[in-house]
Amino acid sequence: MRRLILGLACTLLFYSHGLRAQTEPLIDVTLDGGSVTDLVNVIERSTEYRIFYESQQFDSVRLHLDMKQKHVREVLDSAFYGSQFRYSITGKQIFLTEGRELAFELPVGFFGSSDQATSTSSALYDYLYTDEQKSRQSEDEKIFEVGPRTNRIRTPRAVLSGFVRHSVNAEPVVGAVIYNETNKTGVSTDPFGYFELEMPTGRNDLKISCVGMMTATRKVMLYSNGKLDIELKEYVTPLREVIVEAERGMNVTGAQMGMERMDIRTMKQVPVAFGETDVLKVVLTLPGVQSVGESSTGLNVRGGTTDQNLILFDEATIYNSAHLFGFFSAFNPDVVKSVELYKSGIPAELGGRLSSVMEVSTREGNKKKFSASGGISPITGRLTLEGPIAKGKTSYLIGGRTTYSDWLLSRVDDPSIQNSEGSFYDLNLRLNHEINERNTLDLAAYYSDDKFKLNDDTLYQYNNLTASARWKHTSKNKLFSEIAAAYTEYQYNVSSDDNPVEAMELRYRIKQAQAKADFVYFLNEKNTISAGGSVIRYALEPGTRKPLGSASEVQETTLQNERGFESALNIGDKIDLNPKLTLTLGIRYSMFNALGPRDVYIYGESQSRSLETMTDTVSYGSRDVLATYHGPEYRISARYLLEGNSSIKLSLNRMRQYIHMLSNTTAISPTDTWKLSDQYIQPQIGDQISIGYYKNFRANTIETSVEAYYKTMDNFLDYKGGATLIMNPHIETDVLSTKGRAYGMEFMVKKPVGKLNGWISYTYSRSLLRTDSEDPAETVNQGEEYPSNFDKPHSVNVITNYRFSKRFSFSLNGTYSTGRPITVPLQKYEIDGSYRLFYTERNQYRIPDYFRIDVAMNFEGNHKIRKLAHSSWSLSIYNLTGRRNAYSVFFKSEEGVINGYQLSIFGTPIPTITYNFKF
Amino acid sequence: MNRLKFAVFVCVLTVMAAGCIDPYNLPDVDSDKKYLVVDGRVNAQSGEARVRLSLTIPLNDPGAAAFVSGANLEIETSGGMTFQLFEMEPGLYVGYIYLGEGETCKLLITTPDGNTFESSSERSLVTPAIDSLTYEASLTDGLTIHVTTHDDNNIAKYYRWEYEETVEYTPPFRTAWYYDPWSQQVFFRPGTPLDVYYCWKTYPSTNIHIASTKDFSNSIVYKYPIVALAPDSWKHERKYSLLVRQSVISEREFKYWNELKKSTESVGSIFDPQPSRVLGNMRSTSSPSDPVLGYFSVGTYTESRIFIARQELPYKIYRGPFDRCDPTQIDTTYLVDFWANPTFYTLYEGYYNTFGTLIGYTTGDPECADCRLLVGGTTQKPDFWE
């Protein structure tokens, strides 16, 4: 369609040219080494034409002309023949340009139908698309007319929509901010690079910025709803200063609060222990996000437990996001494009976990040319290949990563280390197909495999497998829809074969299939309606123990499978009541059905559940529903713009969670299992209210925010002392229902741009729990409130990056937090001649405070754009001061005596050199 | 079992030689509350009942456990009989009971402050004989002794073992003479009670050793590693003997020992469970909310012993406690002066001139020649020693 319009446009131009030629005056020109200015003077003197040009561009041009009675066009043709200069004529105006002609719009509305939006931008887009040498400057200065031109502008406001794309590979630019400088509103692009921004009709100045891309400006004359596609150039050649912009202005003007978005470029600046950018480690530096310790990738968001985070990798749920004890995260940095973390104000279309939603999205492959990138660090190697399948339309991206840690371990001259193993690999595949302008199809797949063994015969292995398909459709700039389906499988197995009689294998598996549909409808200037629904089908195989080998005496046992069905519908309206106040009213109604077949134990009434109070077993068939839970989840937020580039935002959230991780370890362990809600395990319900104040200084170059929150959590699981969580057929006898509450304040100052950039955050937060049980024998700390494992009241993070030159930058990070609570034995006692410990009050003491400084230096190769391979080196030192930060403190009975120990994961500075390349 | 290895693993990963585990001072915890600890067992075969009563003490109290004296202890059987226990030494109550076939018994305690406690009813389980004690030794891993056992009737599900290690050892030097300061004479030691060259020392087990065969189709324990000695352990320097005492325990008792082991021995990994208090089968009847620690165990026992001589092992032994022995020589003429303070030095061996005349002695620290001093063994050869 677009091609046709362009074709028509060309014919028409040609035609009008012909008509005009007959009436044009003829001129005489004689120049011998004259300048362009001389030529211009001749033409302007003898005709009605007015010539517009940038005189500096032409000052080196010398013309030799001797023409009599020629048309202006003929004169210009011979003047600029063979040069890079072009001219364009419209009406009585002539534009002289360098490199290419200006494209003039067709008369707007020429094709009649007004819902055609306008061909202007798309014709222009095509035109520009073929010319890579075009000057960005002229686009920035040009006025784009959007919508059918009318003499009088009919509506006071209209919606401008379109895609922001990468100028080289046409990949959508996600999270680019389109900021209307005229009325100080802004919006950021969605995962497809799509944006819709409502603005007053008439003249608007837009600024489009994104991390790692050159900021572009567009001057738009908006007549009515219409479309404008924007291409952003990658920021390849740092000029005098680097511009690293993340959502400039959005933290004040956007309606969303409690959301952090990070681009892979920002993440790559943050130093890490083993030289590989780690998405989760960077997220941990954000205010409100904590973990129990150094090697734990489990996130505790605003006082929530680690299983309360929904981690989506291209829409598919990831159950184990750690590699190699958490030293690496599941996400290959070469494939990842960005991360979004919602801590509050979670949109109604997302749900299923109590504390947060983290969306990790991968890049699309390069649609224009093949390229490869990779890196080598002391422990891992990575390689990513990408390229077009159909140029401009379809692309692929394949990424892989593996470790050589096994090889390293075998080199160590220590038998206990040689007997250890620890390795992983992961693979990513992404296919993207642009069916047409309005439809995009995306396929993504991920597989990871981890193995480790710690100087004994027990081998641990786990796999993540995900696949997802997304279809995005935009119709008539008003309705935007996305339909996605995803499948996730997570499994682990533990095997031990040293002792032939005890040789066994333990397996756990969770399978999840889901489908989701989201619609956004731009009803009018004031209302944006979003609606959608999702279904998830769970199938869990909670455990199978099998003998290994014929001599094994292990009896094969399998726990009953668990099945469940989770569904949700959501609807919301974003209401711009006036330019200052925006309300987002959303509701999600979710329902969970625990499904048979299953035998369920029945326990005596009004007693705590235990084997002693078990009275009966009831069998449910495969069509029976064991238990149903449902309820509304409110998602309400408001933003009010204040004077002086500041705003306040408020949000109210309710979340429901139907799947729970069974873990009584402090950190996420590879043998943690997940359990669906059933008769006994109630869904977790969490409420959060948060309020924030946001202010930007110095033309949005300094962003500040303060957010405060209060949060309650019901029915989350704690465990009786000595509970068995693996291969336990009646887990309900070992769990304690617990209530939690958390509150805190997060302060953040961020300088996203400039030579010196980074952020400083301080968080004060508390996370407190209380056992919800009548039985005093079961309650933790006599039913008193006690701090959770990750209650670290004070936390400070400083992330800074200073770019000394185009090719050298330096990063320095500092982290401080209060030590996490631990349970300390109060007393000891003697049994059989050995001292044993008596633990009473849980989490009443704290390990020493945590403090760490990391530095990194990045050296880039030269910046010639056309070069076979771009390479960079990064040198980082993790834990520069070598402080032995305690990961845990434990007490042991050894030879009958009690000794206390402090375990630190990284006890010395860890230098790492990483080499990255791209071609 | 190898949880601490994790830290080593990480340290190596990060190219470090030093470990990442540092000592941590025990917290100064003020806790005036004291709880009763009952450490009791009945040997159902012999009828002997031994119960130790003590109180918990603060974590960093260097003193011994405070025993509870003057309590009244009775064991009540389901056969309707009550047996009184008597306080043999402070805090240790001993008595003999009769437990009929299939009968249960429970322990009743009244402490001097009038509080009453009781155990749940316990019955003894039949303990099969130990099939074998075997060992494996290698230069890298040292010596590991394994227990293998099974129950023909396939009833036993949970096993517990305790052991006694007995070590025969000698100091690096043999003192042939004994200088008596009273008579100022030198006596020849070997063959007399003055000989302090051969010693034996017995160590009780300090760790908890249990195994479950619940998930097995037959009650078989194959090669449970009960003792592991490092290659440089001085314990197998001459001859080593291990006596293993086996008993079959109930599921509840297994859980008790297992939790106790998990919370006090197998800690220190990054995947540690939350420590929690571990309660056994005792409860307070006078104030039910007070926790009572320890376990009252009723059982039968079988035993097996293994001897391992140094010659059977593939490696040279590192002389652990004795490596600082550095003898000197002394002439006979200076002997009396030198031994004015006789506790400092011990004569090792005589040395002679080319004509065979005794001209002096090698001498050094008494610890390097008197086996009783440094390790604290006895020169009395145990009855069972082979």
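First the proteins, then the strands, lettered A, B, ... as listed; each starts at 1. The structure presented is a predicted model; accordingly, all values stated were derived computationally and were not measured.
Heavy atoms of B/P275 lying under 4.5 Å from chain A belong to its backbone as well as its side chain. For B/R41, the part lying under 4.5 angstrom from a heavy atom of chain A is the side chain only. Only the side chain of B/P291 comes within contact range of chain A, with at least one heavy atom under 4.5 Å from a heavy atom of that chain. In this structure, chain B has a heavy atom under 4.5 Å from the side chain of A/F838, while its backbone stays farther away. When heavy atoms are compared at a cutoff of 4.5 Å, B/K261 does not approach chain A at all.
Donor-acceptor pairing under 3.5 Å is recorded for the side chains of A/E894 and A/Y901. With 3.5 Å as the limit, one finds no donor-acceptor pair spanning the side chains of B/D151 and B/S219. No hydrogens or angles considered: nothing links the side chains of B/E162 and B/S205 as a donor-acceptor pair under 3.5 Å.
Counting heavy-atom pairs closer than 4.5 Å to chain B, the top residue among A/N789, A/T557, A/N899 is A/N789. Highest contact tally toward chain B, considering only A/V889, A/D832, A/N843, A/L725, is held by A/D832 [criterion: heavy-atom pairs under 4.5 Å]. Counting heavy-atom pairs closer than 4.5 Å to chain B, the top residue among A/R545, A/E830, A/E502, A/M727 is A/R545. No other option in A/F452, A/Y835, A/Y878 has as many heavy-atom pairs under 4.5 Å with chain B as A/Y835.
Residues B/Y163 and B/H209 bring their aromatic ring centres within 6.0 Å.
With contacts defined as side-chain heavy-atom distances shorter than 4.5 Å, the pair A/Q827/B/Y35 qualifies. A/E553 places none of its side-chain heavy atoms less than 4.5 Å from the side chain of B/T213.
Of the inter-residue distances, the one linking A/Y719 atom OH with A/N728 atom CG reads 11.0 Å to the nearest 0.5 angstrom.
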